[in-house]
Amino acid sequence: MPKFGLSSTTAIVAATLIAGSALADTYGPFPVTLQGYDGEKTNSVSYSGQIARHTLEKSLKSLAGRGNGGANAAELEALMLAYFNGSDSDLEIVSPKSKDGFPISQSTVGAISKGKNIAGKFYNGAMPAWPGNMAGKDVVLHMISNAAAANKGFDAENGYDWGQLISKYTMGAMMFNQSVDNYLDEKLAADVKPNDKPYKDGAYYTGKEHSWDEGFGYWGAPAHTMDLTPKQAYAIAKGKDLAAADANGDGVVDLKTEYVFGPAYYAAGADKGGTQTTNYMHTIMQAFIDGRQVIADANGAALTDDQRAKLVSYAATIEGNWEKVLAEATFKYAGSVYKDIAKMEGLEGEELAKAYRAYVKHWGELKGFAMALQTGKNNLGATALELNTLIGFGPVTLDNSYVTGLDAEGNFVRERRMTWNDYQLNMLKVQKQLVDTFGIKSRANDQLAELEALAGALEAEAGAETD
């Protein structure tokens, strides 16, 4: 049984499952229920394609740091595009890789799933958070091109860390978007991928089984997550704690079922950090497991309206908590940027350069997650506009200028300036906006006491003027 008890809400929902069914505590195995199937498969779970895409994203992030300032730009861009668009050759997994004490079973993407890419699953709606009025996919292609031309993925002049921007944006534009706005949304409709038919010709799983599995695969959690603490899950993503990762005890980590990828990693990070009052990782994981059990219990029949209603409810739990995870990460890095600005005050030379590099890294994470938030099922409207305005197209740089747009050739232009104090205030406003909109509770790097102190000082000053 899981090491952690179910919440009262989850327990009540679980109790309503079809009588006689056993509540699973891992994601699979689940039986083959497809009527008429006479093959040898006994486990209907399949989400290897999504895990392959996680390795493509992590590898792309790593490759973004291999530029030498322009000399290898064309070669590097072509390589990065192979990981984004897919390749006829079996691509090496650049990250994660085996290391001492943490051996990984697979070393190529094809060893997980063949023929996969990021491009075909990438959000392509409007992305006003990036200069140039581009669609979502064009934004990441613009990032890849700039990363290839940069020195180790760093653009000091404009304040960009390309690996962080590409990675965090993709966690929304592919993983979050595909899961909550496709597989756990349209594909839950009664007449889309029905449960009494195979997902596709020749499949051994039903339409609803595989749709749910694919949504789960983008979450990036190991099948035995309910037996892990957030601290253990976080360590697995860092390539540590083999004992926690190796659920089947074979001495190696299987990326398909035993590793922790981006979205689940940040959920674990939120749960183990900040106020330590959240349970995002287990709440989302349990909803995925419980939803899959509902489908298994249908035994290959078309889902009833009641069964589909349960799936929709579980999907809403997943979406709402996953969105909060992205908001928590955005909040955390807004706090990091605030603190980085304070650290840079009075520094010069190499010390300033080092502190500025950390600031740009944290800003890339802040911006990437803020963009990721805007790729989900919900239209964030005024919230997105406010976040984009406060964070900007780029951070305030060392000469106090910041990116305001692109010129006709697609080059960044910096036509305005802002003081460090004003940009710090923007970070406080970002944190307040996230708390007010999403009700987040972990709140790592919380700096809102500074905003409250400032408001109190201004109120006191105004009162003194009227006396």
Side-chain angles (χ1 to χ4, degrees), residues 1-2 6-51 178-219 221-226 256-257 282-322 377:
M1 290 299 291
L6 300 176
S7 69
S8 59
T9 300
T10 305
I12 291 170
V13 173
T16 67
L17 293 175
I18 297 173
S21 66
L23 182 64
D25 59 8
T26 63
Y27 198 92
F30 285 100
V32 172
T33 67
L34 181 65
Q35 299 301 305
Y37 175 75
D38 59 359
E40 298 179 353
K41 297 287 188 179
T42 58
N43 178 14
S44 62
V45 173
S46 176
Y47 53 89
S48 58
Q50 286 63 47
I51 301 303
Q178 278 294 302
S179 186
V180 307
D181 199 25
N182 181 13
Y183 293 109
L184 304 186
D185 188 19
E186 285 92 342
K187 285 189 171 63
L188 292 187
D191 57 350
V192 178
K193 299 297 182 183
N195 197 56
D196 58 347
K197 292 182 174 60
Y199 186 86
K200 60 183 179 181
D201 290 344
Y204 58 91
Y205 35 70
T206 72
K208 285 293 183 280
E209 285 172 343
H210 196 53
S211 295
W212 195 264
D213 286 350
E214 290 184 296
F216 171 72
Y218 282 116
W219 167 234
H224 65 296
T225 292
M226 296 306 292
K256 293 182 182 180
T257 58
H282 289 115
T283 299
I284 293 171
M285 187 69 189
Q286 192 67 63
F288 269 121
I289 292 172
D290 292 350
R292 190 58 167 83
Q293 186 68 61
V294 169
I295 300 170
D297 288 341
N299 200 28
L303 299 183
T304 66
D305 288 345
D306 182 59
Q307 288 167 331
R308 282 200 315 106
K310 289 175 183 175
L311 287 185
V312 170
S313 177
Y314 288 131
T317 295
I318 293 163
E319 178 196 2
N321 281 275
W322 195 337
K377 184 177 175 181

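Taking OG1 from Thr317 and CD1 from Ile284, the interatomic distance works out to 9.5 Å, rounded to the nearest 0.5 Å. Atoms CD and CE, on Gln286 and Met226 in that order, are 4.0 Å from each other to the nearest 0.5 Å. For the atom pair CG (Asp25) and CE (Met285), the distance works out to 9.5 Å, reported to the nearest 0.5 Å. Atoms CG and CD, on Asn195 and Gln307 in that order, are 8.0 Å from each other to the nearest 0.5 Å. A distance of 5.0 Å separates CG in Leu184 from CH2 in Trp212, rounded to the nearest 0.5 Å. The CG atom of Asp196 sits 8.5 Å away from the OG1 atom of Thr206 when rounded to the nearest 0.5 Å.
Under the 30°/60° scheme for interplanar angles, the aromatic rings of Phe216 and Tyr27 are found to lie parallel.
Shown here are the salt bridge (Lys or Arg N to Asp or Glu O under 4.0 Å) partners of Asp185, two or more places apart in sequence or in another chain: Lys377. Every residue was checked against the ring pair (Phe, Tyr, Trp, His ring centres under 6.0 Å) condition with Tyr218, not counting sequence neighbours, and none meets it. Remark: Tyr183 pairs with no residue by the ring pair (Phe, Tyr, Trp, His ring centres under 6.0 Å) rule, at least two apart or across chains. In this view, Ala189 and Asp191, Val192 satisfy the side-chain contact (heavy atoms from CB on, under 4.5 Å) rule, not counting sequence neighbours. Under the side-chain hydrogen bond (donor to acceptor under 3.5 Å, both in side chains) criterion, Asp181 pairs with no residue, sequence neighbours left out. By the side-chain contact (heavy atoms from CB on, under 4.5 Å) test, Val312 pairs with Leu188, sequence neighbours left out. Listed by chain and residue number, nothing satisfies the side-chain hydrogen bond (donor to acceptor under 3.5 Å, both in side chains) test with Lys256 (two or more places apart in sequence, or in another chain).
For residues 206-215, the set of pairs meeting the salt bridge (Lys or Arg N to Asp or Glu O under 4.0 Å) definition, not counting sequence neighbours, comprises Asp213-Arg292.
For the 3.5 Å distance criterion, the side chains of Glu186 and Asn182 fail to qualify, holding no donor opposite an acceptor. Between Asn299 and Thr33, the side chains place no donor N or O within less than 3.5 Å of an acceptor N or O (distance only, hydrogens not considered).
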Pair up each side-chain donor or acceptor in residues 36-43 with any protein partner under 3.5 Å, not counting sequence neighbours, and list the distances.
from, atom 1, to, atom 2, distance (Å)
Tyr37, OH, Glu40, N, 3.3
Tyr37, OH, Lys41, N, 3.0
Asn43, OD1, Phe30, N, 3.1
Asn43, OD1, Val45, N, 3.1

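Annotation for Pro31 and Ser44: closest pair O-OG, 3.0 Å, computed over non-hydrogen atoms. Nearest heavy atom pair, residue Tyr47 against residue Ala223, reads OH-CB, 4.2 Å. The shortest heavy-atom contact between Ser46 and Tyr204 is CB-OH, 3.9 Å. The minimum heavy-atom distance linking Arg308 with Ala190 is given by the pair NE-CB, 3.5 Å.
Around NZ of Lys187, the count of heavy atoms belonging to other residues, nucleotides or ligands within 6.0 Å exceeds 12.
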Side chain to side chain contact (heavy atoms under 4.5 Å, CB included), that's the test. Do Trp219 and Ser179 meet it? Break it down for me. CA-CA 8 Å; Trp219 167 234; Ser179 186; 5.7 Å; no

Apply the test ring-ring contact (aromatic ring centres under 6.0 Å, His included) to residues Tyr314 and Phe288: give CA-CA distance (whole Å), side-chain angles for both, the deciding distance (0.1 Å), then the verdict. CA-CA 7 Å; Tyr314 288 131; Phe288 269 121; 10.0 Å; no

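Between the side chain of Thr225 and the backbone N or O of Ala221 there is no donor-acceptor pair closer than 3.5 Å.
Here the side chains of Thr257 and Pro222 are not in contact, with every heavy-atom distance at 4.5 Å or above.
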